[in-house]
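Numbers restart at 1 for each chain; the letters A, B, ... are given by sequence-line order, proteins then strands. In what follows, every heavy atom counts, from backbone to side chain, and hydrogens, waters and symmetry copies are set aside.
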Amino acid sequence: MSSRVQNIRGMRDHLPSAMILRQHIVATLVSVFERYGFEPLQTPVIEYAETLDGKIGDDEKLIYRFEDHGGRKVALRYDQTVPLARVVAQYQGQLLFPWRRYAIGQSYRGERPGRGRYRELWQADVDIVGSSSPVADAEIIALLTDSLVALGFTGFTTLLSHRQLLGGIARVSGLDDAAAGNVYRAIDKLDKIGVDGVRAELLAGGVAHDAVERILALISLRGAADDVLAELAQRLSGDERALAAVNNLQAIISHVRAMGVPEQQFTIAPSLARGLSYYTGSVFETVVHNPPMGSLLGGGRYDELIGLFAGRPIPTVGLAFGIERLHDVMEELGLGPQARTVAVALMTIFSPEMAPASLALAHELRAAGLAIEVALDPGEKLGKQLQYADRRGMPYALVLGPDELAHGEVVVKDLRTGDQRRLARSVVADALRRM
RNA sequence: GUGCCUGUAGCUCAACGGCAGAGCGCCUGACUGUGGCUCAGGAGGUUGUGGGUUCGAAACCCAUCAGGCACCCCA
């Protein structure tokens with residue numbers, strides 16, 4: 001294939017059947033977000049490079065950078081969180097805190113593409129800015145659960161942890177900050193490489209033998225959330241900050257329960273690390289039980305990021321849904337609308353003489369709010385027109401011949417079953433809406 | 001960014017140094033108020049792209065582009 005007729009690696013075109021699913025995903029998320037009182041925000045895809053620098057940790061090399069025509073150093077946004085921080089700082093005089101906002105759009109990451117990984121990715125970002133209350137954290141988790149249910153997901157679990165839990169684990173194990181980063185990366189792989197794998201990696205990283213075993217015992221804790229937290233509190237009792245983290249998580253899950261999130265849809269996962277460096281408190285991500293697909297979303301509390309821009313601390317908690325992954329998984333699971341086209345019916349044109357009456361009927365039905373596609377070739381055989389409608393996946397076809405016209409009627413044909421009925425013209429719109 | 005695997009008709013794949021094929025799909029007709037089923041015909045490929053080896057390359061080699069898997073990391 002000529003290299004000219006080719007989209008950019010890691011970036012996707014979405015043909016209509018895919019866009020029907022994607023728009024359903026976005027519309028569903030928006031409706032849940034707004035039910036929780038979140039307001040929409042949109043920012044440019046391009047930011048000054050310095051806005052993004054130093055915010056996301058080791059992955060800065062993944063940021064797309066270039067110079068614009070004026071020689072300004074700019075970058076494509078890597079996520080929606082840093083632009084949010086910029087907006088909060090820039091408009092803090094006009095905003096009322098706590099501020100709940102959502103933002104849906106593209107971000108760009110120069111990663112190697114793979115399953116569930118793209119270089120252009122849509123995210124739906126939801127944040128509560130200006131509150132350190134655990135109710136805020138709980139709201140985000142309740143919202144995420146409602147969102148996934150609204151999209152039709154059943155088997156999923158939100159893994160919940162806390163940055164200071166990890167910090168406590170590192171401190172109790174006698175590690176300094178430099179060593180801790182590697183430890184976090186290793187223990188985050190627990191589900192993937194198992195206890196033995198993590199042990200090997202920690203030992204290879206130079207962590208002392210007894211520290212490794214202490215870490216493994218802590219991150220392997222599983223079971224009911226309350227039991228795990230109690231166990232963690234006991235084992236981390238020498239670490240003030242870790243205990244505060246346990247109490248914080250306890251408060252969050254009690255609020256989450258109060259908001260009706262079922263016990264089996266969240267769990268305390270001390271091995272959860274998460275890469276982004278700006279998290280300071282709770283961290284979480286949600287995984288589906290099948291098919292295999294990393295995490296559908298991730299989030300947490302970041303109380304210091306916005307302060308880098310605003311000049312004063314503004315505690316914030318939020319999450320980002322990975323719309324690419326939601327899309328791919330829903331497609332594989334067959335979730336979402338099954339419609340393959342947007343129109344509910346094709347208005348056929350029986351013959352050239354009937355064209356004006358047919359077009360008038362289409363206009364009338366469109367005015368009534370129905371999505372009607374009109375056949376374009378008045379000379380084409382009726383059979384061809386029906387075949388076209390069927391192949392496009394339209395559920396109905398409308399036939400208006402001389403006989404129907406004379407009686408003020410219309411034939412409504414169900415293309416899936418083959419059944420057809422002659423209805424009075426005045427009730428066709430209602431009938432289509434009901435069917 | 002590193003390593004490995006894969007790119008053949010619209011789709012799924014075969015041919016694996018010797019004439020590029022099948023199934024499905026698509027087009028035409030049998031069926032001149034009605035699609036799907038059946039039958040009969042038909043169209044469609046510089047084998048991702050560019051070079052090289054060879055009498056001869058879809059096949060072997062190099063590069064490149066794209067996809068997948070494992071690292072890395074993440075939505």
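Nearest to the side-chain atoms of A:Lys381 among the listed nucleotides B:G35, B:A30, B:G33 stands B:A30. Considering only the side chain of A:Glu404, B:G33 comes nearest among B:G33, B:A66, B:G35. When distances are taken from the side chain of A:Arg112 to each of B:C69, B:A75, B:U34, the shortest belongs to B:C69. With distances taken from any side-chain atom of A:Gln6 to the nucleotides B:C65, B:A75, B:G33, the minimum falls on B:C65.
Spacing of P atoms, B:C55 relative to B:A63, comes out at 24 Å, to the nearest Å. Comparing the P positions of B:G10 and B:U47 gives an interatomic distance of 13 Å, to the nearest angstrom. Comparing B:U49 with B:C37, their P atoms sit 34 Å apart, to the nearest whole Å. Spacing between B:U28 and B:A14 at atom C1', rounded to whole Å, works out to 29 Å.
Annotation: cation-pi pair A:Arg109/A:Tyr118 absent, no NZ/CZ under 6.0 Å from the ring centroid and within 45° of its normal. A cation-pi arrangement, defined by a distance under 6.0 Å to the six-membered ring centre and an angle within 45 degrees of its axis, is absent between A:Arg100 and A:Tyr36.
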5' to 3', nucleotides 36-47 of chain B under a 4.0 Å protein heavy-atom cut-off (B base, S sugar-phosphate only, - none) gives B-----------
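Annotation: side chain of A:Tyr388 is in contact with side chain of A:Glu373 (closest heavy-atom distance under 4.5 Å).
Of the residues in residues 8-18 of chain A, those lying under 4.0 Å from RNA chain B by heavy-atom distance are A:Arg9, A:Gly10.
Within 4.0 Å of A:Leu296, counting heavy atoms only, lie sugar-phosphate atoms of the nucleic acid but no base atom. Across all strands shown, A:Glu285 has no heavy atoms under 4.0 Å from either base or sugar-phosphate atoms.
One finds no side-chain N or O of A:Lys189 lying less than 4.0 angstrom from the OP1 or OP2 phosphate oxygen of B:C71.
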Where does RNA chain B pair, written as one dot-bracket string 5' to 3', with Watson-Crick or G-U pairs under 3.5 Å, ( ) inside the strand, [ ] for crossing pairs and | for another strand? (((((((..((((....[..)))).(((((.......))))).....(((((..]....))))))))))))....
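The existence of a salt bridge linking A:Arg421 and A:Asp419 is excluded, since no basic side-chain nitrogen approaches an acidic carboxylate oxygen closer than 4.0 Å. A salt bridge links A:Arg199 and A:Asp196; the closest N-O separation between the charged side-chain nitrogens and carboxylate oxygens is under 4.0 Å.
Between the side chain of A:Arg117 and the base of B:C72, at least one donor-acceptor pair of N or O atoms lies under 3.5 Å. Between the side chain of A:Gln385 and the base of B:U34, no donor-acceptor pair of N or O atoms lies under 3.5 Å.
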